[in-house]
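Take a look at the structure set out below.
Values reported hereafter were calculated over all heavy atoms of this structure, with side chains retained and with hydrogens, waters and symmetry mates removed. Chain A is the first sequence line, chain B the second, and so forth, proteins listed ahead of strands; every chain is numbered from 1.
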Amino acid sequence: MLRSSTLFVRTLRDDPADAEVPSHRLLVRAGYIRRAAPGGYTWLPLGWRVLRKVEAIVRDEMDSMGAQEVHFPAMLPRDIYELTGRWEEYGDNLFRLKDRRGADFLLGPTHEEMFTLLVKDLYSSYKDLPVSLYQIQTKYRDEARPRAGLLRGREFLMKDSYSFDIDDAGLAASYNAHRDTYERIFTRLKLPYVIVKAMSGAMGGSASEEFLAPIEVGEDTFVRCTKCDYSANTEAVTTAVLAPDTSSHAATAVIETPNCPTIASLVDFLNANHARADRVWTASDTLKNVVLQLRHPDGTTDVLVVGVPGDRDADIKRIEAQVSPSEVEPLDDAGFAKHPGLIRGYIGPQVLGATSATGIRYLLDPSVVAGSEWVTGANVAGSHVLHLVNGRDFTADGTIEAVEVAAGDPCPSCREPLEIARGIEIGHVFQLGRKYADTLGLSVLDQNGKQVVVTMGSYGIGVSRAVASIAEVFHDDLGLKWPRAISPVDVHIVVTGKNGDDITVAGEKLGAELEAKGLEVLIDDRNGVSPGVKFKDAELIGIPTIVVVGKSLADGNIELRDRHAGTNEAVPLANAVQRIVALVREG
RNA sequence: CGGGGUGUGGCGCAGUUGGUAGCGCGCCUGGUUUGGGACCAGGAGGCCGGGAGUUCAAGUCUCCCCUCCCCGACCA
């Protein structure tokens, strides 16, 4: 039985000044964690219990899916990470250190290399596969900006697992098994989640999905449909395919538009001097041509122009994800100087495209559908052109997802509006493919005696981050409200009596009886502490069931308080054990 | 890494034109209290983030560095 009188904890009456987000504030205030280093936290007894419970659930489900637990050192030698180039590639995010002989080591930020080499070390036949291995391990990343307490630290606890398969079908099966397991884990943790498509970037074609807990303080932005179950990382959203515009259009007409280098000035000018009969001109009638520079890995550069509706912004990150590994930036003045055909503020697609006069590559956002009509630059300073039709008057070299995704955009799956939300990344499943196996030489003999490169998946759950995420979901103004499965104890008994009186004796007896039934009990046995203080502490600490043994004992009752529901029920002392055990057992 | 803020007993804060640090909570002792963060009396506890400088004298002024928080960049 944990006793408040001796428990190593100190609750704080005031919020710590350096904590902003609720999980950080409350975990410190209720005595679960203390900051020990930049981006590093000490787990106090109550917090350590919660962390271990989360860990136990993760372990239980991983074992159930047939994954096997191993444990690597956190301190790893440089040479292995040289093999995959990640000693350099990781940059400043990698903690590097030297031993007494000057040899380089690192603190593992993730363990793909180690797992790959371990399997290579032990296995050499297709008969050994598939296999999934995992560990629950402290990870180190020298984050540029640790923030929000446990949500982004430089040292944190993570479950990482890796699957090894002989072929793509096997990888898909392992991936799905992990995905299903993650769903079970987060369900047991009571963490709400959405599974969003993530960009797989340079890895090429592999599936990757993130599990996001939809919480405002999260760092990841995603979209989800207001109607169907579509959701995706903002970078990975695909535009709903719209029907071509088949209406007839007037012939193009070049007009003088002095001093209209911006979309806003152009729209104002049009409404003042070329008013439409049916409605006013808006930014969405204009075609904006964004000039970008691609920087390729070999150091060469290219100019790319992207056409987007004038009321939308281009999302450089999203574009970059599609031209990876090239980097994307706006074309600078020097770049413009090399392309006199590009008249800033008056660029139109008539001079763009691989087969055009300039030869500059030109891609359209899919929202610029075939047959649609636009107002755009005439490639002459002070002139624009009306009624320019995609397909009739100009063509592009192709399409690229370019506009910044906005709330209200149509869902690619059902056309209903999308909404934008924030989330905490609590898990990630990723089909790695053969990247690491190729580089590190992990292959096995197949049934024909031929060497086959193994295909891998990697899967992560932030265990310490999950604790913070749960605290973000389950709290109120008074304090934390843990789900039963991960509460540090099952029951918090508050006795309001003095040492040795009937109330205290009854409280102690109840605690012992509950413990005998297998429940974990915290009893507030502090002498001389006023009931108000004990109630406040109990609410702050957030055990889901609070039992008050106090003045109602005179009527033979105890009080059963539900921290989640906020209810307070009088229960005869004689029935208390049975009631409380039933409550805890039903979860 | 850019921008903004911040740093003073365990926690929250004050500290004037430079004169050697104070309040509330918490903690200790004694007493009175005991159903919503009690009261009285007496105590303990601080290299004022660090370093260098200006000055007879620095929490306070100057310079450099660091921390933490927020926004952005970055983030398997």
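Between Pro109(A) and Val21(A), the residue whose closest nucleotide on RNA chain B is further toward the 5' end is Val21(A). Annotation: of the two residues near RNA chain B, Val548(A) and Pro16(A), the 5′-most nearest-nucleotide partner is Pro16(A).
At most 12 non-hydrogen atoms from other residues, nucleotides or ligands lie less than 6.0 angstrom from CG of Asp502(A).
A side-chain donor from one of Tyr459(A) and Ser163(A) sits under 3.5 Å from a side-chain acceptor of the other. Defined by atom type and a distance below 3.5 Å, a donor-acceptor pair is missing between the side-chain atoms of Glu155(A) and Tyr41(A).
When side chains are defined from C-beta on, Phe535(A) counts as touching Val548(A), because their heavy atoms get closer than 4.5 Å.
Across the P atoms, C64(B) and G4(B) are found 14 Å apart, a figure rounded to whole Å. Distance noted for atom C1' between C61(B) and C56(B): 16 Å (whole Å).
Contacts of Val28(A) classified as side chain to side chain contact (heavy atoms under 4.5 Å, CB included), with partners at least two apart in sequence or in another chain: Leu12(A), Pro16(A), His24(A), Ile33(A), Arg34(A).
Between Glu112(A) and Arg86(A) a salt bridge is recorded (basic side-chain N to carboxylate O distance below 4.0 Å).
For C65(B), the base is anti relative to its sugar; the glycosidic angle deviates from 0 by more than 90°.
For Arg35(A) against C68(B), a side-chain-to-base donor-acceptor contact under 3.5 Å is absent.
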Notebook entry, point to check: Quick one: what's the B/S/- string for nucleotides 37-47 of chain B, heavy-atom cutoff under 4.0 Å, read 5' to 3'?
Noted result: BS---------
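Side-chain proximity of Arg561(A) to G35(B), C75(B), G12(B): nearest is G35(B). Counting only heavy atoms from C-beta on, Asp14(A) has its side chain closest to G24(B) among C13(B), G24(B), C75(B).
For RNA chain B, runs of at least 3 consecutive pairs of the Watson-Crick or G-U wobble type, with both hydrogen-bonding distances under 3.5 angstrom, map to B:1-5 with B:68-72, B:10-13 with B:22-25, B:27-32 with B:38-43, B:49-53 with B:61-65.
Arg563(A) contributes a side-chain N or O that, together with a main-chain N or O of Glu539(A), makes up a donor-acceptor pair within less than 3.5 Å. One N or O on the side chain of His475(A) and one on the backbone of Glu472(A) form a donor-acceptor pair closer than 3.5 Å.
Taken to the nearest 0.5 Å, the CD atom of Glu113(A) stands 12.0 Å off from the CH2 atom of Trp87(A).
Taking atom CZ of Arg34(A) as the reference point, atom C1' of G10(B) lies 7 Å away to the nearest angstrom.
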